[in-house]
Amino acid sequence: MKEAYNFEEIEKKWQKIWAESRIFEAAEDPAKPKFYCLEMYPYPSGRIHMGHVRNYSIGDVIARFKRMRGFNVLHPIGWDALGLPAENAAIKHGTHPQKWTLDNIDYMRSQLKRLGISYSWSREVNTCLPDYYRWNQWIFLKMFEQGLAYRRLSWVNWCPQCRTVLANEQVVAGRCWRCDSEVSQKKMEQWFLKITAYADELLSGHEQLSQWPGHVLEMQKNWIGKSEGALVNFKVPAIKKDIEVFTTRIDTIYGATFVVLSVEHPLTAELIAGHPEKEKLLDWIKKTIAESRAKREIKEEEKVGYDTGLKAINPFTGQPVPVFLANYVLMDYGTGAVMGVPAHDQRDYEFATKYSLPITPVIKPASPEIQPLPGQAFEEYGILINSGEFNGLSSEEAMEKMAGLAETKGFGRKSVTYRLRDWGISRQRYWGTPIPVIYCEKCGLQPVPYDQLPVEIPFKAEFTGEEGSPLEKIPEFVNTTCPQCGGPARRETDTMDTFVDSSWYFFRYCSPGETRLPFKPEKAAYWLPVDLYIGGVEHAILHLIYSRFFTKYLRDLGLTRIDEPFPHYLAQGMVTKDGSAMSKSRGNVVDPDEMVKTYGADALRIFILFASPPEKEFAWSEEGLEGCYRFILRIWNLAEENLDLFQEKGVIAAGQFDEASFQRLSKKLHQTIKKVTDDIEQRFHLNTAISALMELTNSLKKGRDLLRQSREGRELLAEALTDLILLLGPFAPHLAEELWQKTGRTTLVAQTSWPSYNPELAKEEMITIVVQINGKLRDKFEVEAETEEEILKEKALSLPRIQELLGGREPKKIVCVKNKLVSLVV
RNA sequence: GCCGGAGUGGCGGAAUAGGCAGACGCGCUGGACUCAAAAUCCAGUCCGAUUCACUUCGGGUGUGGGUUCGAUUCCCUCCUCCGGCACCA
């Protein structure tokens with residue numbers, strides 16, 4: 001009697017066996033090649049979504065495959081468990097963030113287990129536990145000692161909805177990356193991590209990241225925004241101060257007819273001190289600063305500026321030029337002041353036209369074919385004119401010489417500027433890592449001594465949603481003693497950005513219980529770097545650049561020797577439905593739980609891998625999932641109907657078959673093993689690997705009746721089924737284990753070697769050669785593989801159809817390609 | 001505006017090194033089974049002609065061009081979509 005496919009029973013059964021046998025736990029073993037397979041850990045928001053299912057299914061195929069290939073695989077998971085949603089839930093529903101988070105983790109853990117992902121569960125990391133975040137504090141203190149963590153008053157991005165500060169990376173088109181509110185500017189004391197100290201290395205490190213998608217590298221490169229140029233000082237005699245400008249075009253400096261400062265520039269107050277309309281100006285400055293980033297970033301916004309009435313001296317020409325304040329100069333970049341060269345910079349051109357400032361061309365096109373467009377700045381490189389002793393030089397030569405002159409004369413120098421800003425990590429919220437700093441009235445700012453770590457998040461707190469961090473309102477937390485003098489002192493109430501947690505969690509997995517250091521260096525040395533990192537591209541700049549920064553810092557601390565944590569990054573595509581990303585607001589969310597319940601984890605896994613390659617977008621369709629369920633059912637029935645073969649005594653055939661149809665099937669089997677292996681190993685094209693498995697299944701089904709008629713055929717069928725089950729192991733692990741057991745095996749598929757193929761058998765022996773006349777397909781013939789070109793040519797020309805078409809004409813040219821085609825030109 | 005990426009049947013996608021376009025799956029159509037339906041199984045399914053029929057011919061990978069015996073694949077033009085950056089001096 002054939003047994004029905006009861007996925008629920010089967011899947012639970014094997015999940016239990018895997019857990020009890022602990023076969024996915026990993027230990028360092030220098031004798032075996034290691035493979036660290038990592039997927040981005042989830043934020044425990046409540047439930048797993050399809051994006052997670054996709055991410056973790058991809059990772060699991062790789063992890064299971066590598067294990068079967070003989071690798072010592074580390075495949076861990078954890079929880080990015082600190083963060084705003086927990087606190088918002090507390091405000092809304094009165095649940096404590098800790099309870100909310102831990103409950104969510106419990107539920108989501110059970111969901112991942114229900115999917116049959118082969119994690120090393122003993123290494124689970126949870127960032128909201130003091131065990132973990134104390135090391136955030138430890139790393140922070142190390143950085144603080146070296147001046148890489150510092151506090152400064154600065155303009156920051158403020159999200160009114162989240163009521164906290166955001167890092168530049170977390171502001172997307174002027175809006176909060178999390179809640180989409182418009183971000184405003186606020187001047188606050190903030191803690192920063194000096195990621196800019198690594199700007200150059202973060203950029204040059206890209207050379208080691210050849211296995212990253214190009215567009216992600218491009219995005220990081222743009223974000224770091226390295227630009228080489230020069231700093232030049234313009235003296236302002238009236239206030240006896242210098243204005244330092246940054247320019248990438250020092251060759252145009254003879255055309256600098258004004259200087260513009262950002263409204264946030266530290267010199268503004270002094271510059272307008274004596275201005276007749278000072279009050280009006282101050283008003284405008286205030287208004288401009290307060291304007292949201294979003295508004296200021298709209299390109300169409302008109303350039304507005306005010307003349308301070310003061311003059312600055314162009315150090316090259318010696319001529320005085322007016323000093324302006326304007327809304328189009330960013331304090332964030334360079335020095336917050338620029339020289340205005342209207343003839344050769346479009347923005348300056350617009351500004352100069354509006355305020356009737358002189359426009360002096362100092363660059364002429366290098367060749368007559370290039371002509372400057374009327375009414376626009378000429379921004380190309382060219383030949384210098386109107387530039388005194390530099391006339392006639394090319395822009396490139398001039399930049400070199402002029403920077404040199406500025407340096408010798410002491411009013412400038414070559415310089416490199418980055419767009420990358422230091423990482424503002426202060427968050428005015430409760431559910432985050434407390435920044436381990438104490439303020440003493442007598443001794444000032446004091447780091448918390450290492451032996452007092454962790455500074456724990458106090459459990460008792462009020463979640464009112466009112467302005468200010470809940471931590472500020474907890475006297476037991478705020479009031480403390482100074483580690484220096486023992487006197488009364490106050491704790492820092494800002495907590496860290498949660499991206500700090502995720503910047504080094506992949507180190508923690510190597511020794512999750514470590515109590516002396518963030519991680520055991522020897523263990524990390526064995527496992528790291530991560531051999532394959534898989535996750536959504538939405539973290540292309542944020543998480544992936546912070547992690548690279550932390551890795552380099554930890555290296556400099558001597559805790560690791562690697563430069564890059566993720567030499568190979570697979571950016572997984574989005575899961576969409578009806579043309580857009582699944583989201584609650586669109587109401588197009590499909591719940592994985594329901595799908596697992598209806599079709600089983602194996603079918604869901606197969607489908608989410610089958611419908612498109614990992615890096616591309618994935619369009620959800622329940623019909624597609626049903627198709628994969630049918631595929632599983634076909635395999636199940638095929639195996640069930642042939643279980644008797646495994647009772648027969650005898651050697652499993654080694655691939656020598658007389659019957660032609662058997663040979664074809666045997667060949668198909670070996671080709672399938674080859675294709676599935678290559679697709680997983682070399683391309684990560686899991687979709688085509690699955691389609692190859694479908695083809696093999698179809699072939700076996702078609703050939704089954706014939707095969708069963710002879711001893712030889714039965715052996716072949718048994719061999720094919722055996723390999724098919726093993727090949728299914730990474731994709732549909734529960735099904736594979738169950739069938740493996742049904743065929744009489746007492747081992748686990750997960751611990752069995754990946755099937756090998758015979759390359760000779762995988763090769764086609766007979767090849768179809770295509771015959772073309774003038775590039776058009778006219779006929780085909782079968783020939784043994786590797787047949788020489790000469791013979792192909794003769795054979796092609798002798799074909800009756802070809803002779804007929806040629807009609808006696810002699811081909812002008814004949815192109816023969818072995819194993820491919822014969823192409824005739826007449 | 002700048003920088004990337006992508007455009008292939010009704011749909012998701014395949015074609016790995018320039019060589020038979022459309023594998024595999026979905027959907028659809030017809031058939032078998034059934035009193036009937038579902039499920040399952042079998043056959044067909046790029047478009048247009050052509051043939052009683054096995055066929056045969058033409059067109060076809062966003063557009064227009066180029067290189068080549070031969071282009072989904074390489075080069076150029078334009079269009080569309082997606083992503084990133086967006087006064088970066």
Side-chain angles (χ1 to χ4, degrees), chain A residues 172-174 213-223 225-227 229 245-250 252 256 260 262 296-303 326-330 332-341 344-348 350-351 379 417-420 537-538 540-541 574 576 606-607 610-613 615-628 630-631 633-634 637 675 678-679 682-683 685 687-695 697-698 701-702 768-777 779-780 811-817 819-826:
Chain A
V172 180
H215 70 282
V216 177
L217 292 177
E218 194 64 26
M219 278 161 71
Q220 288 205 353
K221 191 178 156 205
N222 291 342
W223 189 261
K226 179 177 183 172
S227 79
V245 305
F246 175 75
T247 177
T248 53
R249 292 298 303 273
I250 195 170
T252 64
V260 199
S262 160
R296 288 188 64 189
E297 280 180 359
I298 295 169
K299 195 181 159 73
E300 273 68 47
E301 190 172 38
E302 212 187 328
K303 295 176 177 46
N327 62 349
Y328 78 96
V329 176
L330 305 173
D332 255 10
Y333 187 77
T335 59
V338 302
M339 61 184 202
V341 185
H344 304 290
D345 182 289
Q346 190 57 27
R347 295 155 301 179
D348 297 342
E350 285 163 29
F351 192 74
E379 294 187 326
T417 289
Y418 297 90
R419 207 190 78 114
L420 182 71
V537 78
E538 65 273 16
I541 309 184
M574 250 195 325
T576 64
I606 295 244
F607 175 58
F610 172 65
S612 57
E615 70 278 7
K616 283 228 225 163
E617 199 173 89
F618 174 95
W620 178 264
S621 108
E622 195 158 337
E623 291 80 13
L625 174 53
E626 273 174 44
C628 290
R630 281 199 286 268
F631 166 56
L633 220 52
R634 278 201 293 274
N637 292 331
K675 178 156 178 65
D678 292 350
D679 279 354
Q682 293 167 20
R683 306 200 301 163
H685 278 203
N687 55 330
T688 50
I690 292 171
S691 80
L693 293 174
M694 289 174 170
E695 282 186 54
T697 307
N698 293 345
K701 248 193 97 172
K702 276 211 177 87
T768 308
I769 299 292
V770 170
V771 185
Q772 297 181 346
I773 296 180
N774 289 343
K776 284 207 199 307
L777 174 68
D779 209 353
K780 303 173 186 180
K812 258 194 296 197
K813 190 173 173 186
I814 302 176
V815 180
C816 288
V817 182
N819 296 336
K820 290 266 155 62
L821 85 167
V822 176
S823 182
L824 310 171
V825 190
V826 294

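Each chain gets a letter, A, B and so on, in the order the sequences are listed, and its residues count up from 1.
Using atom P as the reference point in both B:rA6 and B:rC75, the two lie 11 Å apart (nearest Å). Across the P atoms, B:rA23 and B:rG12 are found 15 Å apart, a figure rounded to whole Å. Distance noted for atom C1' between B:rC41 and B:rG22: 25 Å (whole Å). As rounded to the nearest Å, B:rG1 and B:rG58 have C1' atoms that lie 45 Å from one another. Look at the C1' atom in both B:rG83 and B:rG30: the space between them is 45 Å, to the nearest Å. One P atom belongs to B:rC87, the other to B:rC74, and the distance between them is 34 Å to the nearest Å. Of the P atoms belonging to B:rU72 and B:rU67, the separation is 16 Å, rounded to the nearest Å. Nucleotides B:rA38 and B:rC24 place their C1' atoms 26 Å apart, quoted to the nearest Å.
One N or O donor and one acceptor, one from the side chain of A:Gln772 and one from the base of B:rG19, sit under 3.5 Å apart. Between the side chain of A:Lys780 and the base of B:rC20, a donor-acceptor pair under 3.5 Å is found. Not a single donor-acceptor contact under 3.5 angstrom links the side-chain atoms of A:Lys812 to the base of B:rC69.
Listed nucleotides B:rC85, B:rG13, B:rA21 differ in distance to A:Trp223; the shortest reach to its side chain belongs to B:rC85. Among B:rG13, B:rC20, B:rC24, the nucleotide with an atom closest to any side-chain atom of A:Asn687 is B:rG13. Comparing B:rC26, B:rA86, B:rC41 by their closest approach to the side chain of A:Arg419 singles out B:rA86. Each of B:rC41, B:rC24, B:rA89 was ranked by its minimum atom distance to the side chain of A:Val338; first place goes to B:rA89. Of all nucleotides listed (B:rA89, B:rA86, B:rG19), B:rG19 comes nearest to the side chain of A:Lys820. Distance from the side chain of A:Asp679 is smallest for B:rU16 among the nucleotides B:rC85, B:rU16, B:rC24. Distances from the side chain of A:Arg683 to the nucleotides B:rA89, B:rU16, B:rC20 place B:rU16 closest. The side chain of A:Lys702 sits closest to B:rA43 out of B:rA89, B:rA43, B:rC87. The side chain of A:Lys675 lies closest to B:rU16 when the candidates are B:rU16, B:rG13, B:rG84.
Figure legend. B:rC54 is base-paired to no nucleotide; pairs are counted as Watson-Crick or G-U wobble with both atom distances under 3.5 Å. Taking a pair to require two hydrogen-bonding distances under 3.5 Å in either a Watson-Crick or a G-U wobble arrangement, B:rG44 pairs with B:rC28. B:rG83 and B:rC3 make up a base pair, with Watson-Crick or G-U wobble contacts both under 3.5 Å. In this structure, B:rG22 forms no base pair with any nucleotide, since neither Watson-Crick nor G-U wobble geometry is met with both distances under 3.5 Å. Remark: B:rU61 base-pairs with no nucleotide in the shown strands. Criterion, Watson-Crick or G-U wobble with two distances under 3.5 Å.
Looking at heavy-atom distances under 4.0 Å, A:Thr768 makes contact with a base. Contact annotation for A:Ser621: no contact, since no heavy-atom pair falls under 4.0 Å across all strands. Backbone-only contact: A:Pro613 has heavy atoms under 4.0 Å from sugar-phosphate atoms and none from a base. Residue A:Val825 is in sugar-phosphate contact alone, with no base atom involved, counting any heavy-atom pair closer than 4.0 Å across all strands shown. A:Gly627 comes within 4.0 angstrom of the backbone, heavy atoms only, and of no base. Residue A:Glu350 is classed as having no contact, given no heavy-atom separation below 4.0 Å to the nucleic acid.
Between A:Phe631 and A:Phe607, the ring centre distance reaches or exceeds 6.0 Å.
In terms of phosphate contacts, A:Ser227 brings a side-chain nitrogen or oxygen within less than 4.0 Å of OP1 or OP2 of B:rA89. Between B:rG59 and A:Lys776, a contact under 4.0 Å exists linking OP1 or OP2 to a side-chain N or O. An OP1 or OP2 oxygen of B:rA39 is reached within less than 4.0 angstrom by no side-chain nitrogen or oxygen of A:Arg634. Not one side-chain nitrogen or oxygen of A:Lys221 sits closer than 4.0 Å to the OP1 or OP2 atom of B:rG84. The phosphate of B:rG25 has OP1 or OP2 within less than 4.0 Å of a side-chain N or O from A:Asn698.
Distance CG (A:Leu217) to C1' (B:rC3): 14 Å, rounded to an integer number of Å. The interatomic distance linking A:Lys813 (NZ) with B:rG19 (C1') rounds to 14 Å, in whole Å. Separating the CD atom of A:Glu623 from the P atom of B:rG13 is a distance of 15 Å, rounded to the nearest angstrom. A:Asn222 has its CG atom 17 Å from the P atom of B:rG83, to the nearest Å. Residue A:Leu693 contributes atom CG, which lies 14 Å from atom C1' of B:rA23 at whole-angstrom precision. Rounded to an integer number of Å, the gap from CZ of A:Arg630 to P of B:rU40 is 5 Å.
With A:Gln772 contributing its side chain and A:Leu821 its backbone, the two residues share no donor-acceptor pair below 3.5 Å. Judged purely by atom type and a 3.5 angstrom limit, A:Thr417 has no side-chain atom pairing as donor or acceptor with the backbone of A:Ser227. Looking only at distances, a side-chain donor or acceptor of A:Arg249 sits under 3.5 Å from a matching main-chain atom of A:Glu379.
Classification of B:rG60 as anti follows from a glycosidic angle more than 90° from 0.
Cation-pi geometry between A:Lys303 and A:Tyr328 is met: the NZ or CZ atom falls under 6.0 Å from the ring centre, inside 45° of the normal.
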